[in-house]
Amino acid sequence: MYLQLAINTPLYRTFEYKLSFDLKIEGVNLIGCRALVKFGNRKTVGIIVEQSEKQTYTGKGAVKEIEEILDDSPIFDKYNIQLLKWAASYYHYPIGEVFYTAMPLLLRKPEKAGLKPIDLWTFVSDADTSCISRAKACKAALNIIREAPCTSHKLKELGINQAIITKLFNLGLITKSNLRDQVHEWDKNNISITDAKILNDEQQHAYDVISASHGFNAFVINGVTGSGKTEIYLQLIAKTLKQGKQALVLVPEINLTPQTVKRFYDRFNVPIVCIHSSLNDNERFESFAMMKRNEAAILIGTRSALFANIPNLGIIIIDEEHDSSYRQGDGFRYHARDCAVMLAFIRQIPIIMGTATPSIETVNNIQKKKYTEIILSKRAGNASDAIFNIIDMRRQIINHGISKELSLHINEELGKGNQVLLLINRRGYSQKLICHNCGYVFMCKNCDSNLTYHMTENRLVCHHCETKFIIPHQCPECGFTELTPTGNGTEQIFEHIQQLFPNSNPVRIDRDAINRKGVLNTILDDINNNKYNIIIGTQMLAKGHHFPNVTLVGIIDIDSCLFSNNYRAHEQLAQLIVQVAGRSGRGEKQGYVYLQTHTPDHPVLSTLLNYGYHTFAEECLKKRKQMMLPPFTNYAILKADGTEREKVISFIYDAYNFMNSQSSKFSNLVIMKPTSAYITRKQNRYHFYVLINSRAKRDLSEFVDLIIANIDRFQCKSSVHSVIEIDPLGNE
DNA sequence: AGCACGCCGACT
DNA sequence: GTCGGCGTGCTC
Ligand SMILES: [Zn+2]
Ligand SMILES: [Zn+2]
């Protein structure tokens with residue numbers, strides 16, 4: 001038999017291997033299993049994706065033999081394989097690398113993998129128990145095990161320690177086996193649901209509409225924070241579980257907290273597993289394996305959980321659909337939301353996307369009736385909407401980025417015993433360090449970028465390559481010793497707030513302040529216990545975390561987002577503003593959001609604040625259409641980088657000339673001139689790109705195929721690294 | 001991406 | 001002589 005393997009190598013094809021008779025196992029489906037093979041002259045692991053009786057490879061060189069089949073059963077089922085093959089072709093990424101990224105780390109190693117054994121203790125029926133008749137603890141333990149076989153974990157919960165178990169085992173009264181040898185599927189006939197809430201009219205309507213659907217359907221639940229989206233998810237999952245089906249819940253990285261998971265644990269008695277960054281390789285593999293074995297019923301995970309093997313998948317939930325963490329930024333670049341919709345289509349099941357601020361792509365899909373939108377307008381309890389205020393910075397006394405007006409409002413809220421949240425999109429003390437005499441800006445020696453001054457660390461840090469430099473005493477150009485920090489960062493705002501409000505308790509939250517695990521949770525607990533009353537941080541605070549005592553949110557600088565050259569910047573700003581409003585003011589307390597800007601009349605602000613996100617999104621969509629931007633057109637980007645600037649330029653121009661020579665064979669193509677990246681030199685590598693745009697996805701896809709088929713022929717290819725990205729984040 | 005092969009310069 | 005520099009080419 002001949003097998004096609006996907007192998008982790010940057011090549012766009014599968015490789016054929018021969019399976020000898022003695023490796024064939026009767027009744028085992030090989031498709032989706034891993035195989036150990038020689039590839040070139042190294043041994044590696046490949047995934048079997050196709051099989052045939054006859055040899056199909058006709059090129060030169062002999063077909064090699066498979067050395068070992070590494071799995072007893074496929075790690076990927078036919079749906080996984082269909083999704084991954086689709087993703088490889090849609091994103092034009094090497095199929096082996098696509099499969100590799102979808103695998104838990106433990107399965108990437110070229111060796112067999114199994115769940116770590118769990119000891120199961122069973123009573124020996126004809127045992128003579130007289131020898132322990134006087135030992136009370138042993139007798140109690142034996143009675144429990146006599147009832148039903150037990151794991152050490154279960155026995156520990158019942159107060160029986162390992163020493164007693166070992167004693168019983170040594171006496172031959174109980175036997176040991178591995179619980180994992182048998183599959184213990186979750187019990188669909190014994191589902192208990194705890195504390196389900198009564199749905200309000202809108203929630204009930206959403207539930208009814210989704211429940212009534214059959215096969216593939218994409219729904220968008222559009223509801224503000226506190227409108228009860230999660231309750232709908234939970235009840236839809238309950239219905240799915242009762243049908244014996246499993247559920248997949250995707251959440252943004254930052255939202256996958258113990259509290260989120262607890263809501264699911266508290267509701268259901270079925271086994272629930274997670275896949276997220278703080279789990280180790282073994283734990284992730286365990287979650288993956290338990291879903292595959294149908295031992296767990298619900299998987300809650302970040303974007304990569306999308307590729308898990310879930311044999312009885314019945315529903316997909318994707319919370320905060322618009323969130324940027326669904327986009328994978330390096331290696332195989334994919335969008336988990338788009339892939340999840342494809343997965344739901346492949347499996348013919350419903351997918352529910354929840355958000356208060358649907359992405360512009362999603363709004364377009366709603367308008368095109370690809371997705372069904374369900375609106376939740378009611379907030380739970382008597383919570384009222386936050387009040388927005390624009391602070392016109394042009395007529396203000398500004399001190400360290402904080403206007404007089406904002407500081408007065410902060411003072412007022414602090415006086416009432418409320419908390420204040422300030423967002424700055426820059427960490428460190430100052431964005432730059434400038435010579436006060438000649439204006440020299442301290443730059444990174446590896447990148448075309450200025451260094452950020454970090455006061456706590458007492459270093460100049462490059463935010464592009466993380467290199468740290470000792471702070472010089474004088475300007476290298478003129479020798480002047482007075483160096484001025486410019487551009488407020490979180491550290492500087494923190495320092496200024498301490499001076500402005502000497503009696504306040506401010507806390508700073510950014511990547512630098514929470515570098516150790518667990519620190520964030522400690523700070524968040526302290527905030528909820530009112531240990532702090534001013535929270536200063538980067539935009540990581542705007543997502544996921546709830547601050548019930550915060551009544552004022554100030555966004556220090558929104559102008560950089562208003563005047564960014566990235567076409568997605570306005571969308572992101574609008575989402576940030578709305579999300580932030582959801583974080584402030586709960587119950588009786590009125591929440592306020594202050595936006596500091598030099599352009600208070602900007603149409604984005606007036607539309608958003610006067611007419612709401614929905615109208616903003618419609619306006620944004622109209623503008624995208626006028627400007628021929630996604631989702632009305634499609635982008636692909638060819639990125640090139642290398643250590644020698646001239647070689648990268650030769651490569652990118654050769655690629656560009658090739659594209660121009662071929663573009664007439666395609667319609668609707670626009671190829672933009674090669675451009676240097678915003679930061680051209682990053683870690684001593686020079687970055688250039690060509691953007692390709694097309695109204696038709698198909699034309700673009702075929703054109704990209706043609707580029708890939710010729711990419712090795714472009715000048716200097718051997719010393720230039722290149723990637724093609726589909727639906728890139730912006731225009732770089 | 002890895003990894004080997006191969007062809008030139010410089011070093012014991 | 002031969003050690004190693006990295007340009008080139010291949011992976012079923
Ligand atoms: Zn100077
Ligand atoms: Zn740098």
Side-chain angles (χ1 to χ4, degrees), chain A residues 1-24 30-70 76 81 84-85 87-89 91-103 105 107-111 328-334 638-651 654-655 682-687 704 707-725:
Chain A
M1 191 188 294
Y2 294 85
L3 304 171
Q4 295 295 326
L5 303 211
I7 289 172
N8 180 34
T9 188
L11 299 168
Y12 293 81
R13 58 182 183 273
T14 54
F15 292 85
E16 190 162 273
Y17 285 85
K18 193 179 176 192
L19 186 75
S20 66
F21 276 113
D22 48 309
L23 279 178
K24 226 176 192 172
L30 290 169
I31 308 286
C33 286
R34 295 174 307 142
L36 184 68
V37 290
K38 256 207 181 113
F39 182 66
N41 41 24
R42 66 199 156 110
K43 266 192 192 171
T44 188
V45 58
I47 308 290
I48 302 164
V49 292
E50 265 165 60
Q51 63 179 36
S52 60
E53 286 311 315
K54 285 188 195 143
Q55 183 172 328
T56 57
Y57 178 68
T58 52
K60 60 179 176 185
V63 170
K64 291 178 184 169
E65 288 209 354
I66 298 236
E67 306 212 341
E68 193 184 354
I69 301 290
L70 294 169
F76 289 128
I81 295 174
L84 292 167
K85 279 185 174 176
S89 95
Y91 290 105
H92 296 272
Y93 208 76
I95 185 152
E97 295 193 355
V98 170
F99 272 80
Y100 205 69
T101 24
M103 279 151 68
L105 253 69
L107 294 175
R108 297 184 194 180
K109 295 180 192 160
E111 58 196 42
Q328 169 117 347
D330 54 294
F332 165 42
R333 293 155 200 241
Y334 63 93
L638 171 66
K639 290 179 172 177
D641 64 277
T643 49
E644 289 158 277
R645 187 188 156 92
E646 298 314 313
K647 286 188 175 174
V648 181
I649 292 172
S650 315
F651 171 85
D654 206 28
K682 221 181 210 180
Q683 288 203 78
N684 285 319
R685 296 184 71 86
Y686 296 86
H687 295 255
V704 170
I707 297 167
I708 287 167
N710 288 279
I711 207 151
D712 289 337
R713 280 184 229 157
F714 301 153
Q715 276 170 35
C716 305
K717 173 62 195 133
S718 58
S719 38
V720 175
H721 169 257
S722 65
V723 262
I724 291 179
E725 230 177 279

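Throughout, a chain's letter reflects where its sequence line sits, starting with A, and its residues are numbered from 1.
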Item to complete: Looking at every strand, decide which applies to A:Lys717 at a 4.0 Å heavy-atom threshold: base, sugar-phosphate, or nothing.
Response: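 If one applies the 4.0 Å heavy-atom cut-off, A:Lys717 turns out to touch nothing in the nucleic acid.
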Item to complete: Mind checking A:Leu5 for me? I need base, sugar-phosphate or nothing, with any heavy atom below 4.0 Å counting as a touch.
Response: nothing
Rounded to whole angstroms, how far apart are [atom1] on [X] and [atom2] on [N]?
| X | N | atom1 | atom2 | result |
| --- | --- | --- | --- | --- |
| A:Lys38 | B:dC3 | NZ | P | 14 Å |
| A:Arg42 | B:dC5 | CZ | P | 15 Å |
| A:Lys18 | C:dC12 | NZ | C1' | 14 Å |
| A:Glu16 | C:dC10 | CD | P | 20 Å |
| A:Lys43 | B:dG2 | NZ | C1' | 17 Å |
| A:Asn41 | B:dG2 | CG | P | 13 Å |
| A:Phe39 | B:dA1 | CZ | P | 13 Å |
| A:Tyr12 | B:dA1 | OH | P | 10 Å |

Item to complete: Report the nucleotide, chosen from C:dT8, C:dC12, B:dA1, that has the shortest atom-to-atom distance to any side-chain atom of A:His721.
Response: B:dA1
Using a 3.5 Å distance criterion without hydrogens, assess whether the side chain of [X] forms a donor-acceptor pair with backbone atoms of [Y].
| X | Y | value |
| --- | --- | --- |
| A:Glu97 | A:Phe332 | no |
| A:Lys64 | A:Gly40 | yes |
| A:Arg34 | A:Lys109 | yes |

Worksheet item: How long is the gap from CE on A:Met103 to CD1 on A:Ile47, to the nearest 0.5 Å?
Response: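 It is 4.0 Å, given to the nearest 0.5 Å.
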Practice prompt. Could you list by number each residue of residues 51-68 of chain A showing a heavy-atom separation from DNA chain C of less than 4.0 Å, or answer none if no residue does?
Written response: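 Hits under 4.0 Å, by residue number: A:Tyr57, A:Ala62, A:Val63, A:Lys64.
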Discussion item. Less than 4.5 Å apart, side chain to side chain, heavy atoms only: is that true for A:Thr9 and A:Pro94?
Written reply: no
Discussion item. So A:Gln715 and A:Phe651, do their side chains get closer than 4.5 Å, heavy atoms only?
Written reply: no
Worksheet item: Relative to A:Tyr91, does A:Arg333 satisfy both conditions: NZ or CZ under 6.0 angstrom from the six-membered ring centre, and within 45 degrees of the ring's axis?
Response: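 No, A:Arg333 and A:Tyr91 do not form such a contact.
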